[in-house]
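Working notes for the structure below.
In this text the structure is predicted, and so the values were computed from the model without any measurement. Each chain gets a letter, A, B and so on, in the order its sequence line appears, and its residues count up from 1. We use all heavy atoms of the structure for the numbers below, so side chains are in, but hydrogens, waters and symmetry mates are not.
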Number of protein chains: 2
Amino acid sequence: MSAKTAAAAGLTERPAAPAAAPAQPIWDIIELLFFAYRDFVGDPDEVLSKLAFGRAHHRVLHFVNRNPGMKVADLLEILNITKQSLGRVLKQLVDQGFVVQKEGAQDRRQRLLFVTPKGEALALKLAVLQTERITRAFSELGPGAHEAARRFLTAMIDSDNREGVLRQIARADHAKARS
Amino acid sequence: MSAKTAAAAGLTERPAAPAAAPAQPIWDIIELLFFAYRDFVGDPDEVLSKLAFGRAHHRVLHFVNRNPGMKVADLLEILNITKQSLGRVLKQLVDQGFVVQKEGAQDRRQRLLFVTPKGEALALKLAVLQTERITRAFSELGPGAHEAARRFLTAMIDSDNREGVLRQIARADHAKARS
DNA sequence: AAAATATGTCAACATGGCTGACATAAATAT
DNA sequence: ATATTTATGTCAGCCATGTTGACATATTTT
C-alpha cells in the first residue's frame with residue numbers, strides 16, 4: 001500500500017529493471033492464476049475426453065489451426081517438447097483426419113501441417129468454449145477489460161519470448177483472416 | 001467494437017447471463033494465457049527438478065504451506081485428484097522432511113498437514129520466483145495493475161467455485177499472517 | 001560426393017494422472 | 001455394545017504424455 005501511496009504522490013521513478021527481492025509473495029495472484037487456468041483448460045478437456053484426446057492433442061490442433069502450413073520444427077519449438085512426444089499425438093490426429101501434412105514446395109523435406117475441415121471444426125469448438133468463459137469475464141468487468149488482460153498476460157511472458165509470441169499471434173490473425 | 005461504441009453511448013444493459021454464442025474466438029487472450037502460464041510455472045520447475053520433484057509436489061507443498069493444519073480431504077478437493085495420486089507425492093514430501101502429518105485433536109482419524117521449516121523455506125523460495133515475475137509485470141504496467149489482474153483472474157474462475165476460492169485465499173492470508 | 005537438415009521411428013523409461021479392491025482406526029448411529 | 005460410516009492409507013495395474021538415445025530416409029547444401 002505504501003507503493004500505491006508513493007505512486008499517487010508521483011514519487012515513483014520506474015527504473016528499467018529494479019527486480020529487488022520482493023518482501024512478500026503475492027499470494028492472491030499466484031493462487032488465482034492456478035484456479036483460473038485450471039478452469040480455463042477444463043472446458044475443452046471435457047470435449048476432448050469424449051474423443052479420447054488429451055491436452056496434448058488440443059495444443060497441436062490449436063497451433064496448426066492458427067498457423068496453417070507451419071513446419072513440424074516450428075511446432076516443436078512452440079510446444080517445447082521432443083519430436084517423439086509430438087509424433088505420437090500428431091500421428092493420431094493425422095490418422096483420424098484432423099490434420100494433414102503436405103510436402104513443402106521449396107523444401108521437399110518439410111511436412112507442412114494443415115487442419116482439415118474436420119480439424120478446424122474441432123479447434124473452433126474448443127476455442128469457442130474458452131471464448132465463452134473469457135467473454136463472460138469481460139462482460140462482468142466492463143470496458144477496458146480485454147486490453148487490461150492482454151497487457152497483464154503479455155507482461156507475464158518471458159521478455160525474450162514476448163516479441164516472438166506477439167508476432168506469432170499477429171501473424172496467425174492475419175493468416176486466419178484471409179481464410 | 002460495436003459493443004464498445006454501445007457502451008460509450010450508455011446503451012448496454014448487462015443482463016445477468018447473456019452468454020450468446022461468441023462471433024469470433026478471442027485468440028489473443030487464449031494464446032497469451034497459454035504462454036503466460038507456461039512461463040509462470042516454468043520458473044519453479046527448474047528449482048524443483050534439482051530436487052527430483054515435479055509440479056505435483058509443488059502444488060501440495062504450496063497449499064499445505066498456505067493452509068497449515070488442513071485435512072487430507074481438503075487438499076484432495078482443492079487439487080481435484082485421487083488420494084492415490086496425492087499419496088505418492090505426499091509420501092515423498094513427508095519422507096524427505098518437507099511436510100509432517102499430525103493426528104487431529106477432535107477427530108483422531110484425521111492427519112492434519114503442516115509444512116516443516118524446511119518445507120516452508122522451499123515453498124517460499126518457489127513463491128518468490130513467481131512473485132518476481134508478477135512484480136516485474138506490475139511494475140511495467142503501472143498502478144492499478146494488481147487490482148486489474150485480480151479482477152480478471154477472479155472472473156475467469158467458475159462462478160460456483162469463485163466464492164470458495166476467494167474465501168480460501170482470505171483465510172490463508174489470515175493463517176499465515178499470524179505466524 | 002559429402003555433409004547438414006527435416007523428419008520419422010524404435011525402444012525404454014519416468015511422472016503423475018486414473019480405477020478397483022481392500023485394510024485400519026476412529027467416530028457415529030442404532 | 002455392536003454395526004455402520006468416515007478419514008485415511010495402500011497395493012496393483014493401466015494410461016497419457018513427457019524424456020533420452022540411437023538410427024533411418026529423403027532432400028538440400030556445401
Query raised in the report: What's the NZ-C1' distance between B:Lys102 and D:dT8, to the nearest Å?
Result: 19 Å
Query - Nearest listed nucleotide, side chain of A:Val72, among D:dT27, D:dG18, C:dG8 - result: C:dG8
Report task. Without swapping roles, check the side chain of A:Arg38 against the backbone of B:Leu79 for a donor-acceptor pair under 3.5 Å. Result -> yes
Report summary line: Here the pair of heavy atoms bringing A:Val165 nearest to B:Leu32 is CG1-CD2, 4.2 Å
Report summary line: For B:Ala52 and B:His57 the tightest heavy-atom approach is O-CE1, 4.5 Å
Query raised in the report: With a 4.0 Å cut-off on heavy atoms, is B:Gln101 in touch with a base, just the backbone sugar-phosphate, or nothing at all?
Result: sugar-phosphate
Query raised in the report: Looking for any heavy atom pair under 4.0 Å, which part of the strands does A:Arg55 touch: base, sugar-phosphate only, or nothing?
Result: sugar-phosphate
Report task. Whole angstrom is fine here: how far is it from CG in B:Leu93 over to C1' in C:dT15? Result -> 14 Å
Requested in this report: Respond yes when some side-chain nitrogen or oxygen of B:His57 is under 4.0 Å from OP1 or OP2 of C:dT15, and no when none is.
Outcome: no
Report task. Report the distance from atom CG of A:Asn80 to atom P of D:dG18, rounded to the nearest whole Å. Result -> 11 Å
Query - Options C:dT7, D:dG18, C:dG17, nucleotide nearest the side-chain atoms of A:Arg111 - result: C:dT7
**Report entry** Protein-nucleotide distance (B:Leu90, atom CG; C:dG16, atom C1'), rounded to Å
**Finding:** 14 Å
Query raised in the report: Which ones in residues 32-43 of chain A lie close to DNA chain C, meaning a heavy atom under 4.0 Å from one of its atoms?
Result: none
Requested in this report: For the pair B:Leu75 and B:Leu86, evaluate side-chain contact (heavy atoms from CB on, under 4.5 Å) and give the outcome as yes or no after the intermediate values.
Outcome: CA-CA 9 Å; B:Leu75 188 50; B:Leu86 174 60; 4.0 Å; yes
Query - Candidates C:dC18, D:dT8, D:dT27 - which lies nearest the side chain of B:Ala73 - result: D:dT8
Report task. Give one of base, sugar-phosphate or nothing for B:Gly54, where a contact means two heavy atoms less than 4.0 Å apart. Result -> sugar-phosphate
Requested in this report: Could you state the atom-to-atom distance from CD of B:Gln92 to C1' of C:dT15 in whole Å?
Outcome: 10 Å
Query raised in the report: Contact class for A:Gln106 vs. all strands (heavy atom < 4.0 Å): base, sugar-phosphate, or nothing?
Result: sugar-phosphate
Query raised in the report: 5'-most contact on DNA chain D: A:Lys83 or A:Arg109, nearest heavy atom basis?
Result: A:Lys83
Query raised in the report: Reckon A:Asp74 touches a base, only the sugar-phosphate, or nothing at all at heavy-atom distances under 4.0 Å?
Result: nothing
Query raised in the report: Does B:Arg59 put a side-chain nitrogen or oxygen below 4.0 Å from OP1 or OP2 of C:dG17?
Result: yes
Report task. Check the angle between the aromatic planes of B:His62 and B:His58 and answer parallel, tilted or perpendicular using the 30° and 60° thresholds. Result -> perpendicular
Report task. Give a yes or no on whether the backbone of A:Gln96 and the side-chain of A:Lys118 come within a donor-acceptor separation of less than 3.5 Å. Result -> yes
Query raised in the report: Which nucleotide, D:dT19, C:dG8, D:dG21, lies nearest any side-chain atom of A:Gln84?
Result: D:dG21
Report task. By nearest nucleotide on DNA chain D, pick out whichever of B:Lys71 and A:Thr82 is the more 5' one. Result -> B:Lys71
Query raised in the report: Can you say whether the rings of B:Tyr37 and A:Tyr37 are parallel (under 30°), tilted (30 to 60°) or perpendicular (over 60°)?
Result: parallel
**Report entry** Among C:dA26, D:dT28, D:dG18, the one nearest B:Arg108 by side-chain distance
**Finding:** C:dA26
Query raised in the report: What is the distance from CZ of A:Arg88 to C1' of C:dA14, rounded to the nearest Å?
Result: 12 Å
Query raised in the report: Between B:Gln130 and B:Phe40, is there a donor-acceptor pair closer than 3.5 Å when you use the side chain of the first and the backbone of the second?
Result: yes
Report summary line: note: B:Met70, atom CE; D:dT8, atom C1'; distance rounded to Å ~ 15 Å
Query raised in the report: Out of C:dG17, D:dA7, C:dA6, which nucleotide sits closest to the side chain of B:Gln110?
Result: D:dA7
Query raised in the report: Does B:Ser85 place a side-chain N or O at less than 4.0 Å from the phosphate oxygens OP1/OP2 of C:dC18?
Result: yes
**Report entry** Nearest to side-chain heavy atoms of A:Ile81, which nucleotide of D:dT6, D:dG18, C:dG8
**Finding:** D:dG18
Report task. Send over the distance from A:Glu103 CD to D:dT25 P, rounded to a whole Å. Result -> 17 Å
Query raised in the report: Has A:Glu163 got more than 12 heavy atoms of other residues, nucleotides or ligands less than 6.0 Å from its CD?
Result: no
